[in-house]
Amino acid sequence: MRERENPMQGISKLAILAASTALLAPVTAFAQETDENTYLGKISLTASSEAVDVSRTGASVTVVTEEELDTAPLPFATYLATLPGVSTNANGGLGATTSVRLRGLPAYYIGTKIDGIDVTDPAGPQLYFDFAGLTTGGLSRIEVLRGAQSALYGSEAAAGVIDISSWRPEKDGLSGQIGTEAGSNQTYVGTASVGYRDDRTELAFTLNRTITDGISAHINGTEKDGYQGTNLSAYASHDVTESLTLGASLLIRDNYTEFDASGGDADNTSDGILRGGRVFAQINTGAVEHELSFSRMTMRREVIEFATPTDFFGDRDQIGYTGAWDANDQLSINWGLERRAEDFVLLNPYGDSAGKQWTASAYAELLYAPNDQLDLSFALRQDEHSRFGGYTSGRAAVAYRPTEDWIIRAVAATGFRAPSPYELWSSYGNPAFQPEESRSFELGLERLLAEGSLKATLFDIKVDNQIIYDPNMGWGAYTQVDGEATTRGVELEASQQLSANWKLTGSYTYNDVTVEEGGSSRRGARAPRHSLAIGLDGHISDRLAANLTVTHVAGVLDESVDYSTTPYVVSQVALEDYTLANLALAYDVNDQTTAYIRVENLFDETYQTVSNFGQPGRQVYLGLQAKF
């Protein structure tokens, strides 16, 4: 990475954050005042097995709509890091391996879906989705559901679920949008969406292409590590009759990434493809609504590291049935059956590995509202695994509204994570591994304002029988430890409509992540102790809009291995705290066309989210978006 001066050198990062917030005050003073507005809730599609208003669920969920995503598209992980409870780790710039953490827990405790397709990698060391290269362009909705969710979503949901929907038409008839962007590090992004909607049919297609020369992934590297990615999504649904709807979704991703080693520059590459598809039929029989679905996802990836090729192959087939019965205005019951099968193959000069596993699941959720103030939900799930036998997980949630402007939430849940095929059958794994088990508690309080809200949530998650990588196991291997990992903390959220034109948002997350092993304990690696985000969004004039986000991350420890001693010594290293600001100005050329400029890392901060891997300095992008 290039050397550069930090223009804010000598000023503490918290002072930078305070100064940035103060700068917002005179801007909002010029905005017009507005009459008091009524707080409008959002609908969540993930917090329960049926759509629920977020004010009527005990679960902690953040719903991001297309309107909120419309302002100058950001890298997906950059946007997600502004949400409560979310942090990210990246081995370099755009296109480098990028993972997301929820409440301090790693990515392999997070279920991830795009248009209903499970996109966690069945060929990876653990089952998680790499957000490298994904941007918010061409998306219509993001939901981040936090807390243990195995009762609804099975394995890989001990920390929560991220659900992503591609672009959908907003009006009847033919419509679409197109966007193009160019900027720092020879980065070029193009996105095009087109769709059709009427009373019975919905069609949507989105194509995205991203190319960048990138930065040097290693903090002291001298050569750039580039990235090229193509993403295609398609969605279709049609009401054949008043009681039958047929639909399908398609997902295609091609990604080529250059990456460095932790020790310095390296000519390493990763060339991967993802292919996913889902078909479904929704049947309304009057009292009960049914859905049948089948999805298939394949992952192929060739990694060349230090001139040695390794090929990863992973497949996942899922077939499912869900049913929903509204008994009356107070009671509804939802249920489902699912079978999921995964194949894994690894080919390299040091030995090949392969394995197969399947899980058969049944679940049910009861939602009961005895009165207008109280909402209860109880979910129970039984998973039968081809290797481990049965596991039962549950979740109980309550949302209580003692008055119109207060909501009290509480959730208790259990969860599990089955070992990945790689952890079972690769040369680094062990077929005797058993599932990890988890439990989660949270308690929240929300105050609804006329034009905003204030929210606080306490959480406590414990994971037993963790599977971790131990460099002293042979040449290095995974091992299952007799101990537990806990993450405890608080999430604070606030939003306020300052005037007709300006909205202020903020979130703060405190994580205390501890790993206990062999009678000793240590801090969890790569999990921030403190995460703070402040955002201001609004219109300077009828045509000119502005968006400013400032995030501060502190208290991150990473782990490093000293291979010069025997046994190898694993130590923790503190990463520097950092403050990032992203600024976007968008100008409406006409009713259909918007031009924008976006500046990422406005203060040109030097920082790392993974030890020895750098992040881009100040970047400037110019873009154009048009809707029809």
Take Arg598 and Leu74 through the test side-chain contact (heavy atoms from CB on, under 4.5 Å) and record every step on the way to the result.
CA-CA 9 Å; Arg598 186 178 77 251; Leu74 282 167; 3.5 Å; yes
Closest non-hydrogen contact found for Ala47 with Val52 is CB-CG2, 4.2 Å
Backbone N or O of Val620 within a donor-acceptor pair of the Ser184 side chain at under 3.5 Å?
yes
Mind checking ring-ring contact (aromatic ring centres under 6.0 Å, His included) for Tyr363 and listing every partner two or more places apart, or none if nothing turns up?
none
Verify, without hydrogens or angle tests, whether Arg543 (side chain) and Asp588 (backbone) share a donor-acceptor contact under 3.5 angstrom.
yes
From Leu139 atom CG to Trp167 atom CH2, the distance as rounded to the nearest 0.5 Å:
12.5 Å
Could you tell me which non-hydrogen atom of Leu102 sits nearest to which non-hydrogen atom of Ala159, and how far apart they are?
CD1-O, 3.7 Å
side-chain hydrogen bond (donor to acceptor under 3.5 Å, both in side chains) partners of residues 153-163, not counting sequence neighbours, each pair once
Glu156-Arg340
With a 3.5 Å cut-off and no angle check, do the side chains of Thr509 and Asn511 form a donor-acceptor pair?
no
Do you know the tightest heavy-atom contact between Met299 and Asp121?
CG-OD1, 3.3 Å
Step-by-step side-chain contact (heavy atoms from CB on, under 4.5 Å) determination, Ile333 to Trp335
CA-CA 7 Å; Ile333 301 175; Trp335 60 90; 4.0 Å; yes
Got a salt bridge between Asp115 and Arg168, using NZ or NE/NH1/NH2 to carboxylate O under 4.0 Å?
yes
State which residues pass salt bridge (Lys or Arg N to Asp or Glu O under 4.0 Å) with Glu338; sequence neighbours excluded, sorted by chain then number.
Arg381
Check this for me: Asp591, atom CG, are more than 12 non-hydrogen atoms of other residues, nucleotides or ligands nearer than 6.0 Å?
no
Please lay out, stage by stage, how Ser295 and Asp118 fare under the test side-chain contact (heavy atoms from CB on, under 4.5 Å).
CA-CA 8 Å; Ser295 65; Asp118 183 345; over 6 Å; no
The complete set of salt bridge (Lys or Arg N to Asp or Glu O under 4.0 Å) pairs with one or both residues in residues 190-207, sequence neighbours excluded, reads Asp172-Arg197
Is Lys627 salt-bridged to Asp70, going by a charged N under 4.0 Å from an acidic O?
yes
No-hydrogen, no-angle side-chain donor-acceptor test under 3.5 Å, Ser175 and Glu170
no
Distance, nearest 0.5 Å, that separates CG of Leu274 from CD1 of Ile114
7.5 Å
For the residue pair Asp130 and Ala96, what are the closest heavy atoms and their distance?
OD1-O, 4.2 Å
Of all residues at least two apart in sequence or in a different chain, which pass the ring-ring contact (aromatic ring centres under 6.0 Å, His included) check with Phe280?
none
For Leu83, what residues pass the side-chain contact (heavy atoms from CB on, under 4.5 Å) criterion, not counting sequence neighbours?
Thr62, Val64, Tyr79, Leu80, Val86, Val144
When rounded to the nearest 0.5 angstrom, what is the spacing between OG1 in Thr322 and CG in Asn334?
8.0 Å
Evaluate the side-chain contact (heavy atoms from CB on, under 4.5 Å) criterion for residues Leu134 and Arg253: first the C-alpha distance (whole Å), next the side-chain angles of each, then the deciding distance (0.1 Å), finally the verdict.
CA-CA 10 Å; Leu134 187 65; Arg253 298 191 77 207; 4.2 Å; yes
Could you tell me how the ring of Tyr510 sits relative to the ring of His530: parallel (under 30°), tilted (30 to 60°) or perpendicular (over 60°)?
tilted
Is it true that the side chains of Asn501 and Ser499 contain a donor and an acceptor less than 3.5 Å apart?
no
Quick one: does any side-chain atom of Glu493 pair with a main-chain N or O of Glu446 as donor and acceptor, under 3.5 Å?
no
Mind checking whether Ser293 and Arg278 have side chains closer than 4.5 Å, heavy atoms only?
yes
Sub-3.5 Å donor-acceptor pair from the side chain of Ser140 to the main-chain atoms of Ser166, do we have one?
yes
Which pair of heavy atoms, one from Ala248 and one from Val279, lies closest together, and at what distance?
CB-CG1, 4.0 Å
As an exercise, state the distance from CG of Leu232 to CG of Leu207, rounded to the nearest 0.5 Å.
6.0 Å
Determine which pairs satisfy salt bridge (Lys or Arg N to Asp or Glu O under 4.0 Å) with at least one residue from residues 93-110, sequence neighbours left out, and list them in order.
Arg103-Glu442, Arg103-Glu491
For the residue pair Asp239 and Thr245, confirm or rule out a side-chain donor-acceptor distance under 3.5 Å.
yes
Quick check: do Arg316 and Thr120 have side-chain heavy atoms less than 4.5 Å from each other?
yes
Sort out for me which residue in Asp53, Asp372, Asp375 forms a salt bridge (charged side-chain N to carboxylate O under 4.0 Å, His left out) with Arg401.
Asp375
Which residues pass the ring-ring contact (aromatic ring centres under 6.0 Å, His included) test with His290, sequence neighbours left out?
Tyr321
Residue set satisfying salt bridge (Lys or Arg N to Asp or Glu O under 4.0 Å) with Asp405, at least two apart, ordered chain then number -> Arg447
Run the numbers on Lys42 and Glu67 for salt bridge (charged side-chain N to carboxylate O under 4.0 Å, His left out), then give the verdict.
CA-CA 13 Å; Lys42 292 181 178 179; Glu67 182 180 4; over 6 Å; no
What pairs with Asp254 under salt bridge (Lys or Arg N to Asp or Glu O under 4.0 Å), at least two apart in sequence or on another chain?
Arg275
Ser332 side chain to Glu50 side chain, donor-acceptor N/O pair below 3.5 angstrom:
yes
Is a side-chain donor or acceptor of Gln619 paired with a backbone partner of Gly183 at a separation under 3.5 angstrom?
no
Tyr227 to Leu94 - nearest heavy-atom pair and separation
CB-O, 3.7 Å
Keeping Asn89 on the side-chain end and Thr609 on the backbone end, is there a donor-acceptor pair under 3.5 Å?
yes
Could you state the interatomic distance from OH (Tyr108) to CG (Leu127), rounded to the nearest 0.5 Å?
11.5 Å
Kindly say whether Trp502 contributes a backbone atom to a donor-acceptor pair with the side chain of Gln497 at under 3.5 angstrom?
yes
Report the residues that fulfil salt bridge (Lys or Arg N to Asp or Glu O under 4.0 Å) with Glu365, sequence neighbours left out, ordered by chain and then residue number.
Arg395
Are there more than 12 heavy atoms of other residues, nucleotides or ligands under 6.0 Å from atom CG of Asn371?
yes
Could you check whether any side-chain N or O of Asn582 sits under 3.5 Å from a backbone N or O of Asn601, counting only pairs where one atom can act as donor and the other as acceptor?
yes
Would you say Glu605's side chain and Thr579's backbone share a donor-acceptor pair under 3.5 angstrom?
yes
Distance in Å, Leu583 CG paired with Ile597 CD1, rounded so as to fall on 0.5 Å steps
8.5 Å
Taken in chain and number order and not counting sequence neighbours, the residues that satisfy side chain to side chain donor-acceptor pair (under 3.5 Å) with Thr212 are Thr187
Main-chain N/O of Gly229 paired to Thr210 side chain as donor or acceptor, under 3.5 Å
no
